[in-house]
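To keep things clear, I will list the structure first and then write my remarks on it.
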Amino acid sequence: MTANVAVETTPEIPLWNDPSHPVSARVDALIGAMTLQEKIAQLYGVWVGASANGGEVAPHQHDMEEAVDLDALLPSGLGQLTRPFGTAPVDPALGALSLLRTQTRITSANRFGIPAVAHEECLAGFAAWGATAYPVPLSWGATFDPDVIRRMAAAIGRDMRAVGVHQGLAPVLDVVRDARWGRVEETIGEDPYLVGTIGTAYVQGLESAGIVATLKHFVGYSASRAGRNLAPSSVGPRERADVLLPPFEMAIREGGARSVMHAYTDIDGVPAAADETLLTGLLRDTWGFDGTVVADYFGIAFLKTLHGVAGDFADAAGAALEAGVDIELPTVKTFGAPLAEAVAEGRVPEALIDRALRRVLAQKAELGLLDRGWSPVPPAFDGADLDDPEALRGKIDLDGPENRELAREIAEKAVVLLSNDGTLPLGRPRRIALVGPNATEPSAVLGCYSFPQHVGVKYPDIPVGIELPDLRASLTAEFPDAEITVVRGTGVDDGDLSGIAEAVDTARDADIVVVALGDRAGLFGRGTSGEGCDAESLALPGAQQQLLDALLDSGTPVVTVLLAGRPYALGRAVEDSAAIVQSFFPGVAGTRAIAGVLSGRTNPSGRLPVSVPRTPGSQPTTYLGAPLAQASEVSNIDPTPAFGFGHGLTYTTFAWSDLTVDAEEAPTDGEFTASLTVRNTGERTGTEVVQLYLHDPVASVVQPVRRLVGYTRLDLEPGEERRVRVTVPADVASFTGRDGHRIVEPGDLELCLAMSSTDTRLTATVTLTGPVRVVDHTRRFHAEFSVE
């Protein structure tokens, strides 16, 4: 008798689940097996909030969306989960458990077991309760240090990846064109090269951790009229090509960004979400971008409700798909039933859906989400008991020592010393008068996209989740022997004058006055800086200028400290303050960094990423001005800044000398090499930031008087000198010519080696020879520095 032997067989793995096959083949096979509704379901997200007890996420309701029925949606699948951690305060471990359980539900509900991409905001750190709040992007720009921003982004990405997040909605690559715009704090600065290099470093760091970086806002958002949020953008094709687009080019080509978010605004009547020449012609066909294009929140619906270029939501969906938008965020509105009906009626070709779907599924395949055996258990839960949620509480730390050390390093590098009459560093003062609305406000270091300011303000009874020492606490720790008297003086924007007299009396009894002024970050008018918090002028909000002027009259030296989201005109304080210290929402370690600069424990090395205006009403202006943008005898408005882009002082001095150029002529496809010596002539270690500006005195179209084309940080001991060598390719002199092509023209150029846009130390005149040369996005972006 022969025994029956059971033979174990392995079911055939569907092609789309088999990572041994090319991604394109897997995606094609999956698309061929899907119904129309299953296809569409991969092209939208649902806004959710994690459960506080580790249960499944719950749909989040917003005043711009209708209720979402997950039970009805999930059998067809789901493309994205919007902000499961960034919608309500939830313990990170329980949030990760909630996301895990929801992904299990999603994969179980659809035929193909496809999970959703979970995305989060990460503008100044992972926007989750208890996560490190790093300095805002304007402070990144102030560091002039791509390496430290790359390391920060990698740390942010690791934290996000550890709890199950796949995509981050950062960085913002908008170039500041008008500092009245509320979102200036979210930008890196007013120069496209600085924005491009720092932003690309952020992308590299985030992508190195496996997180999909999302470039925003593509393009023109920051060029809105009068600095108003979501206003029309008055941008010509040359300004768009030479100022607004280069950071995106760089971040895609050198950073490897895998996603782009369209801007809300229109340029010359064409909204970005419906601009096929932008999202397909330029981004994909010319630049070769093969990632996903996601909608800014509600941006597709805005084609109907705000822009009036679509008659209904089906038209809006079709216009966005045709332009090149792949994913509707934050939730399903136009890409749901309206899109399905439009396809059935023949108004939208199914081929457009397949095109977007191919990109979405390819990205999910690259993330491993289509692989057989994919697990929703994130790395942070390796070996954890997932059946006991309460035992998990507090087990995931998103604000650990390494994060805080990085936050400290960035905050210290980002503090900018604008002026100093020798009062700083303070040494050991006996009596300090600490005055101003930001003296005792812990949140004065946070931007509007930090979790406490973005979400936490809606939950006042829940602890902030991170340590935020106010300036009083940090000064007390920095000057333990000093008597520190604190007076509010006035609020950030309440206009209250009643406390100014007391502030002046306190100042007269002190050895030094430290006045802490600036902003309160918020959203849509609930702050003085942040999204929807635009300024009518660049005067300090409220009665802060009156307080500052009164303190300057007290007879006691005044150190003006700014904790702000944008630069402000400071009136007579520019000349009359003993010192001015500028910080841009410097994060969890911000007040300690400021205190360290005041005491001299830290030698400041930050440089301005935006100009500080001399008068509050001379906007819009940036240092990137043509000759007609400068002061002249035919206008009574002088736009000359109080402190120019790139400016920043230290507690030592530097001498620049011995500029040489290897060859004074080069062809339009060649390069120049210049060298100079920088010596620390002071008595303490310091950092100099060598900045290279280009001046093109004669060109076929109007050029800025100067523009940044390179920079390097240089740390020197007292008496130490180093030889700095910079290779300048002709490509960096390129600009958009009259016919719309980017060109390098022959002629003279000035290479200006400078401490700032307003302080040139050494200049070399060189000449490009030969024919006009056409270049494109593959051109060389950088002047390369080396130090001998």
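When reading the values below, keep in mind they use all heavy atoms of this one structure, side chains included, and skip hydrogens, waters and symmetry mates.
- Between Val212 and His166, every side-chain heavy-atom pair lies at or beyond the 4.5 Å cut-off.
- Side-chain contact between Tyr264 and Leu306: absent, with no pair of heavy atoms (C-beta onward) separated by less than 4.5 Å.
- Using a cut-off of 4.0 Å between Lys/Arg side-chain N and Asp/Glu carboxylate O, Arg26 and Asp371 are scored as salt-bridged.
- Residue Asp776 qualifies as enclosed at atom CG: its count of foreign heavy atoms under 6.0 Å is above 12.
- Counting heavy-atom neighbours within 6.0 Å of Arg228 CZ, excluding the residue itself, gives a total of 12 or less.
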Step-by-step side-chain hydrogen bond (donor to acceptor under 3.5 Å, both in side chains) determination, Thr35 to Glu38: CA-CA 5 Å; Thr35 66; Glu38 288 169 333; 3.3 Å; yes

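- The closest side-chain donor-acceptor pair between Arg566 and Ser529, if any, does not fall under 3.5 angstrom.
- Remark: Ile188 CD1 to Leu138 CG distance equals 9.5 Å, nearest 0.5 Å.
- Side chains of Asp534 and Trp181 form a contact here, defined as non-hydrogen atoms less than 4.5 Å apart.
- Note that NZ of Lys39 is 3.5 Å distant from CG of Asp354, once rounded to the nearest 0.5 Å.
- With rounding to the nearest 0.5 Å, the separation of CD1 in Ile252 from CZ in Phe218 is 6.0 Å.
- For the residue pair Thr736/Asp242, the side-chain donor-acceptor check at 3.5 Å is satisfied.
- Here Glu254 does not pair with Arg150 in a salt bridge; the nearest charged N to carboxylate O distance is not below 4.0 Å.
- The distance from the CD1 atom of Ile300 to the CD atom of Glu328 is 4.5 Å, given to the nearest 0.5 Å.
- Considering CD1 of Ile327 and CZ of Phe335, their distance stands at 9.0 Å, rounded to 0.5 Å.
- Ion pair Glu207/Arg258 flagged as a salt bridge, since at least one NZ, NE, NH1 or NH2 atom sits closer than 4.0 Å to an Asp/Glu carboxylate oxygen.
- A side-chain donor from one of Gln80 and Gln167 sits under 3.5 Å from a side-chain acceptor of the other.
- Around CD of Glu366, the count of heavy atoms belonging to other residues, nucleotides or ligands within 6.0 Å exceeds 12.
- Note on Arg347 versus Asp315: salt bridge recorded, some NZ/NE/NH1/NH2 to OD/OE distance being below 4.0 Å.
- For the residue pair Glu531/Tyr449, the side-chain donor-acceptor check at 3.5 Å is satisfied.
- Counting only heavy atoms from C-beta outward, the side chains of Thr305 and Phe313 approach each other to under 4.5 Å.
- Atoms OG1 and OH, on Thr197 and Tyr202 in that order, are 16.0 Å from each other to the nearest 0.5 Å.
- For Asp268, the CG atom sits in a loose shell: 12 or fewer heavy atoms of surrounding residues, nucleotides or ligands are nearer than 6.0 Å.
- Side chains of Thr187 and Asp174: no donor on one and acceptor on the other come within 3.5 Å.
- With sequence neighbours excluded, the residues that form a side-chain contact (heavy atoms from CB on, under 4.5 Å) with Leu36 are Ile40, Val343, Glu350, Ile353.
- In summary, Arg105 and Asp71 engage in a salt bridge, as defined by a charged side-chain N under 4.0 Å from a carboxylate O.
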